[in-house]
Structure formats: structure tokens, C-alpha cells
Asker: 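Right, I'll just put the structure down here and ask away after.
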Amino acid sequence: MSPFWLSIGVAVIALIIVITIGLCVCFWMNRWRGNVIALLDAIITLPLVLPPVVVGFALLMVFSPGYAFGGWLEKHNLGVVFSSAGAVIASAVISFPLFYQTVRSALQSVDHNIEDVARTLGASELRIFFTISIPLAWKGILTGSILAFCRAMGEFGATILIAGNIPGLTRTMPLAIYSYVEAGQYMDAFELVIYICVLTLALLSSIHLLTKGSMFRNIERS
């Protein structure tokens with residue numbers, strides 16, 4: 001069960017990072033007006049459409065001790081390559097676009113007249129965002145969080161490149177399934193497949209139960 005609990009731990013930490021950074025990015029992107037907004041949006045969404053191994057290779061180049069930033073981290077005992085931190089970073093980067101696109105769509109669907117009324121009353125943009133926009137877009141934030149968690153839990157390609165496949169340290173469920181199949185241990189692999197499928201199905205079903213399916217309809221319309 002080590003890969004199961006490791007996957008849960010990695011996904012939870014990655015989700016905290018994704019939510020924190022994602023809300024900040026959504027706040028800035030929804031209020032900033034400029035000609036390069038489409039380019040920035042495409043760059044943020046890029047990990048969602050690129051093969052995960054490409055993202056993993058890019059992360060390896062950034063955090064490898066042989067390069068400037070990675071060498072600086074290694075010098076300060078903050079190594080990322082072949083560590084659990086690498087698994088968290090890979091999962092966060094891969095799952096971030098799912099959260100970002102879902103939450104941004106939800107925030108754009110909020111009635112802007114309510115926000116305008118708050119502005120006329122002197123409320124700051126930050127206060128409007130946290131007291132009006134986020135509460136009204138809670139379904140989108142919940143949906144984005146669950147989708148990002150499921151994606152982080154199932155990450156394979158980027159993780160194996162930057163974090164490796166080290167038992168008890170970076171071997172998450174997808175990596176363990178790969179290792180079991182490679183070793184011919186199909187029943188062990190099947191057991192983990194059942195765990196990850198049941199957990200993911202339960203999380204996705206909870207979106208419909210909590211939002212009554214309305215968030216999926218909003219996504220389809222947008």
C-alpha cells in the first residue's frame with residue numbers, strides 16, 4: 001500500500017500548491033487587459049496538451065544539478081531530482097492547467113454587475129475577488145480542485161523523468177503499476193488499478209453530487 005499512500009500525499013501537496021498559485025493567476029488574468037493575454041493563457045495551458053514526458057524533460061533541465069538553478073538548489077540542500085519533491089512538482093505542473101481553465105471559466109461566468117456594485121461602494125479588487133467572485137464560483141473551484149487532484153494522482157510521464165521510480169520515495173501508483181507489469185506481477189498491478197479507478201470514480205461522482213451536474217453544463221456551454 002506504500003504507492004497508494006504516497007500517491008495520495010503527493011496529490012494533496014500538489015493540490016495545495018495548485019490552488020494557491022492558481023487562484024492568484026486567475027485573479028490577475030481575469031482583471032488584466034493586454035494584447036499578450038492570449039499568449040499567456042496558451043503558455044499556462046501548454047502542460048495540458050504537451051506529452052507529459054516533454055514536461056518532465058523540461059523540469060529535469062530546470063532542476064538538474066548540472067544547470068544553474070538546479071545547482072543552486074543542490075548547493076543549499078534543496079535537491080529536487082530523484083526526490084519526493086520532484087514528484088510533487090511534476091504533479092503540480094501537469095495538473096495546474098486543469099484547475100486554471102476550470103476556475104477561470106467559472107469566474108468569468110460570475111455576474112459582473114454584482115462586482116461593479118461592490119466597486120462603486122469602494123471595495124478593492126482583492127476584496128471583491130475573495131468575498132464575491134470566489135463564493136459565487138465555488139462550484140468551479142471545487143470541480144477544478146477535484147480534477148486537478150485526480151490528474152496529480154495519476155501522473156506518470158513527467159514524474160518518472162524528474163523523480164525516478166524509487167520504492168517508498170517516488171514510486172506512486174502509476175509508477176508501481178508500470179513496475180509490476182514489467183516484472184510480470186499482473187495481480188499486484190491489477191489491485192492498484194482497482195484502487196485508483198475506484199478512488200477517481202468516487203471523486204468525479206462527488207462533483208455531480210455537490211454541484212448537481214451544473215458545473216459540467218457550464219463548462220460545455222463555455
Asker: What's the shortest heavy-atom distance between Val81 and Pro65, and which atoms?
Answerer: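 Taking Val81 first and Pro65 second, the nearest heavy atoms are CG2-CD, 4.2 Å.
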Asker: Looking at Ser124 and Arg127, would you say the former's side chain and the latter's main chain have a donor-acceptor pair under 3.5 Å?
Answerer: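 Yes.
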Asker: Could you tell me if Asn165 and Thr170 have a donor-acceptor pair between their side chains, going purely by distance under 3.5 Å?
Answerer: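 Absent: no donor and acceptor within the cut-off.
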Asker: Please find the pair of heavy atoms, one from Pro174 and one from Glu155, that lie closest to each other, and give the distance.
Answerer: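 Reported closest heavy-atom pair: CG-O, 3.6 Å.
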Asker: Closest approach of Val18 and Ala92, non-hydrogen atoms and distance?
Answerer: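 Looking at all heavy atoms of both residues, the closest pair is CG2-O, 3.5 Å.
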Asker: Looking only at atom types and distance, does a side-chain atom of Thr102 sit under 3.5 Å from a main-chain N or O of Phe99, one as donor and one as acceptor?
Answerer: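 The answer is no, because no donor-acceptor pair under 3.5 Å joins these two groups.
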Asker: Leu60 versus Tyr67: any side-chain heavy-atom pair under 4.5 Å?
Answerer: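 No - every pair of side-chain heavy atoms lies 4.5 Å or more apart.
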Asker: If I compare all heavy atoms of Ile132 with all of Ile114, which pair ends up nearest, and what's the gap?
Answerer: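 For Ile132 and Ile114, the tightest heavy-atom pair comes out as CG2-CG2, 3.8 Å.
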Asker: Is it true that atom CZ of Arg119 has more than 12 heavy atoms of other residues, nucleotides or ligands lying nearer than 6.0 Å?
Answerer: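 Enclosed: over 12 neighbouring heavy atoms sit under 6.0 Å from CZ of Arg119.
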Asker: For Arg171 and Ser179, what are the C-alpha separation, side-chain angles and deciding distance, and is it a side-chain contact (heavy atoms from CB on, under 4.5 Å)?
Answerer: CA-CA 9 Å; Arg171 180 174 288 179; Ser179 299; 3.6 Å; yes
Asker: How close do Gly140 and Val103 get, counting heavy atoms only, and between which atoms?
Answerer: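 Smallest interatomic distance, heavy atoms only, reads O-CG2, 3.9 Å.
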Asker: With a 4.5 Å cut-off on side-chain heavy atoms, are Phe96 and Val25 touching?
Answerer: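 Contact flag for Val25/Phe96 side chains = yes.
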Asker: Quick one: sort the Trp72 and His76 rings into parallel, tilted or perpendicular, breaks at 30° and 60°.
Answerer: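 The arrangement is tilted - the two ring planes meet at 30° to 60°.
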Asker: Measure the CG-CG distance between Leu142 and Leu147 for me, rounded to the nearest 0.5 Å.
Answerer: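 The CG atom of Leu147 is 9.0 Å from CG of Leu142, to the nearest 0.5 Å.
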Asker: To the nearest 0.5 Å, tell me how far Cys24 SG sits from Ile19 CD1.
Answerer: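 Going from SG on Cys24 over to CD1 on Ile19, the span is 11.5 Å.
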Asker: Do Leu175 and Pro3 come close enough that some side-chain heavy atom pair is under 4.5 Å?
Answerer: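 The answer is no; the side chains never approach within 4.5 Å.
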Asker: Report the C-alpha distance between Glu115 and Ser133 in whole Å, list the side-chain angles of each, state the deciding distance to 0.1 Å, and finish with yes or no for side-chain contact (heavy atoms from CB on, under 4.5 Å).
Answerer: CA-CA 8 Å; Glu115 296 177 335; Ser133 303; 2.4 Å; yes
Asker: Got a second to check how far Ile207's CD1 is from Thr143's OG1, nearest 0.5 Å?
Answerer: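 So the gap between those two atoms works out to 5.0 Å.
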Asker: Check for a donor-acceptor pair, side chain of Glu191 on one end and backbone N or O of Tyr195 on the other, with a separation under 3.5 Å.
Answerer: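 Side chain of Glu191 to backbone of Tyr195, a donor-acceptor pair under 3.5 Å: no, none is there.
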Asker: Does the ring center of Tyr186 lie less than 6.0 Å from the ring center of Tyr180?
Answerer: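 No, the ring of Tyr186 stays outside the 6.0 Å limit from the ring of Tyr180, centre to centre.
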Asker: Does any part of the side chain of Ile94, heavy atoms only, come nearer than 4.5 Å to the side chain of Val55, both counted from C-beta?
Answerer: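 Side-chain contact under 4.5 Å: yes.
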Asker: Hey, what do you get for CD1 (Ile162) to OG (Ser83), rounding to the nearest 0.5 Å?
Answerer: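 Between atom CD1 of Ile162 and atom OG of Ser83 there are 7.5 Å.
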Asker: Do Leu46 and Phe57 sit in the same hydrophobic cluster, where Ile, Leu, Val, Met, Phe, Trp and Tyr count as joined when their side-chain heavy atoms come under 4.5 Å apart?
Answerer: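 Same cluster.
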Asker: Take Leu107 and Phe27, measure what side-chain contact (heavy atoms from CB on, under 4.5 Å) needs, and give me the verdict at the end.
Answerer: CA-CA 9 Å; Leu107 290 172; Phe27 168 78; over 6 Å; no
Asker: In Å, rounded to the nearest 0.5 Å, how long is the span from CD1 of Ile141 to CD1 of Ile134?
Answerer: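 Ile141 CD1 to Ile134 CD1: 5.0 Å, rounded to 0.5 Å.
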Asker: Check whether the side chains of Gln101 and Thr45 place a donor and an acceptor atom closer than 3.5 Å, and report yes or no.
Answerer: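 There is such a pair (donor and acceptor under 3.5 Å, judged by atom type) between the side chains of Gln101 and Thr45.
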Asker: Is there a path of hydrophobic side-chain contacts, each under 4.5 Å between heavy atoms of I, L, V, M, F, W or Y residues, that connects Ile8 with Ile166?
Answerer: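 No; tracing contacts between hydrophobic side chains, which count when under 4.5 Å, never links both residues.
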Asker: Kindly say whether Val117 contributes a backbone atom to a donor-acceptor pair with the side chain of Thr120 at under 3.5 angstrom?
Answerer: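 A pair under 3.5 Å: yes.
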Asker: With sequence neighbours excluded, what pairs up with Asn77 under the side-chain contact (heavy atoms from CB on, under 4.5 Å) test?
Answerer: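 With neighbours one apart ignored, the set is empty.
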Asker: Return the CG to CG distance between Leu121 and Asp116, rounded to the nearest 0.5 Å.
Answerer: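 Output value for this atom pair is 11.0 Å.
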Asker: Ile13 and Met173: same hydrophobic cluster, using ILVMFWY side-chain contacts below 4.5 Å?
Answerer: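 Shared cluster, yes.
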Asker: Could you check Ile196 against Leu199 for side-chain contact (heavy atoms from CB on, under 4.5 Å), going step by step and ending with a plain yes or no?
Answerer: CA-CA 5 Å; Ile196 198 169; Leu199 180 57; 5.9 Å; no
Asker: Quick check on the hydrophobic clustering: are Leu59 and Val49 connected, directly or via other members, by side-chain heavy-atom contacts under 4.5 Å?
Answerer: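 The answer is yes; both residues are in one hydrophobic cluster.
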Asker: To check you understand the geometry: which heavy-atom pair defines the closest contact between Val10 and Ser91, and what is its length?
Answerer: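 For Val10 and Ser91, the tightest heavy-atom pair comes out as CG1-OG, 3.6 Å.
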Asker: Are Met153 and Ile16 co-members of a hydrophobic cluster defined by side-chain heavy atoms under 4.5 Å apart?
Answerer: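 The answer is yes; both residues are in one hydrophobic cluster.
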